[in-house]
Q: 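Pasting in a structure now, in structure tokens, and then I'll have a few things to ask.
These numbers come from a predicted model, not from an experiment. We count ligands from 1, going down the list as the structure has it; atoms in each ligand are counted the same way.
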Amino acid sequence: MTSNVSSDRRLIIAIDGPSGAGKGTVARALADRLNYRHVDTGAMYRAIAWKAIHERLDLQDEQALATLASRAVIDVSDGAVVVDGHNVKQAIRTSEIDAAAAAVARQPRVRQVLIAQQRAMGAQGGIVMEGRDIGTVVFPQAEIKIYLDASPEERARRRATDPAHAAGQGASVVNDVASALAERDRSDSTRTASPLALAVDAVRIDTTGMPVDEVIDRLLTLVNDYRG
Ligand code: DC
């Protein structure tokens, strides 16, 4: 068991991986243990998708979405998700936003805007940032890069039973969740703009059947080892 991380050096910890791999739970717990800031970048793409739907924008209109992203004020600190004063923490966890966020995240100019904001948030270190491109694009210089994965069946099961995620119409059965997840994985990994990919220097952890505490301990060990 490794829970003592004794150094003042404030690191950048990047956690990437597909949906349902356990990034959220693990990143939050790790940030708590280290007294670091936790940033869920997926929530930023979701917030932009929510706002775009709210404003009835065409989700394929890159220019309109990029303008919206550059004007929107997004706050994802301390587990909150607020966009232009609207608390959307719950509203962004629906099947509609799952699909809309994947569409928004395909747009290179939207990514450009959000990536700049993410870099600014992590510039001082002391951050655990989770997403799809954190170790590859946002912070290629991150001291610690983790790629969390799990079997498609386990990821679908976790997503289907996640209390934070309101199951949309008919999506309450694992099979429906599994096919929606597979479609999002396909979209996230095949898009041209910073697709989900394993950084060469990332540590890949398969969390299938692994208790959360064990995953967190593995990560704390990596942090301690890094600090020597
Ligand atoms: O992690 P999530 O399911 O909340 O992410 C929502 C969408 O945003 C998903 O389609 C992946 C995408 N995303 C991304 O492209 N890059 C990130 N850094 C984070 C999320």
Q: What I'd like to find out is whether the side chain of L34 reaches to under 4.5 Å of the side chain of I13, using heavy atoms alone.
A: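 Yes, side chains in contact.
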Q: Give the atom numbers and elements of ligand 1 that come within less than 4.0 Å of a heavy atom of R93.
A: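 Counting atoms of ligand 1 from 1, those under 4.0 Å from R93 are 4 (O).
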Q: Give yes if a backbone or side-chain nitrogen or oxygen of R184 is under 3.5 Å from a nitrogen or oxygen of ligand 1, and no if not.
A: yes
Q: Of the protein's non-hydrogen atoms, which lies at the shortest distance from atom 6 (C) of ligand 1, and what is that distance?
A: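 Sorting protein heavy atoms by distance from atom 6 (C) of ligand 1 puts R46 NE, 3.7 Å first.
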Q: What do you reckon, does D40 have a nitrogen or oxygen under 3.5 Å from a nitrogen or oxygen of ligand 1?
A: no
Q: Work out whether the distance between some heavy atom of R111 and some atom of ligand 1 is less than 4.0 Å.
A: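 It does; at least one heavy atom falls under 4.0 Å.
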Q: Is the number of heavy atoms from other residues, nucleotides or ligands within 6.0 Å of CD (Q124) greater than 12?
A: no
Q: Got an N/O contact under 3.5 Å between T41 and ligand 1?
A: yes
Q: Enumerate donor-acceptor pairs with a distance under 3.5 Å from any side-chain N or O in residues 98-106 to protein atoms, sequence neighbours excluded.
A:
{"residue": "D98", "atom": "OD1", "partner": "R46", "partner atom": "NH1", "Å": "2.9"}
{"residue": "D98", "atom": "OD1", "partner": "R46", "partner atom": "NH2", "Å": "3.1"}
{"residue": "D98", "atom": "OD1", "partner": "H165", "partner atom": "NE2", "Å": "3.0"}
{"residue": "D98", "atom": "OD2", "partner": "H165", "partner atom": "NE2", "Å": "3.2"}
{"residue": "R106", "atom": "NH1", "partner": "S187", "partner atom": "O", "Å": "3.1"}
{"residue": "R106", "atom": "NH1", "partner": "S187", "partner atom": "OG", "Å": "2.9"}

Q: Under 4.0 Å from a heavy atom of A102: give me the atoms of ligand 1 that qualify, with their elements.
A: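 Those atoms are 10 (O).
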Q: For the CD1 atom of I146 and the CG atom of L219, what is their distance to the nearest 0.5 Å?
A: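 Atom-to-atom, I146:CD1 and L219:CG are 4.5 Å apart.
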Q: Determine, stepwise, if the pair D133 / I115 fulfils side chain to side chain contact (heavy atoms under 4.5 Å, CB included).
A: CA-CA 9 Å; D133 59 343; I115 288 170; 3.8 Å; yes
Q: Does any N/O atom on R132 come nearer than 3.5 Å to any N/O atom on ligand 1?
A: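 Yes; at least one N/O pair falls below 3.5 Å.
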Q: With a 3.5 Å distance limit and no angle check, can you tell me whether D84 reaches the backbone of V73 through a side-chain donor-acceptor pair?
A: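 Between the backbone of V73 and the side chain of D84 there is a qualifying donor-acceptor contact (under 3.5 Å).
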Q: Is a side-chain donor or acceptor of S151 paired with a backbone partner of E154 at a separation under 3.5 angstrom?
A: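 Checking the backbone N and O of E154 against the side chain of S151, a donor-acceptor pair under 3.5 Å is found.
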Q: Flag D188 as yes when one of its N or O atoms lies below 3.5 Å from any N or O atom of ligand 1, and as no otherwise.
A: yes
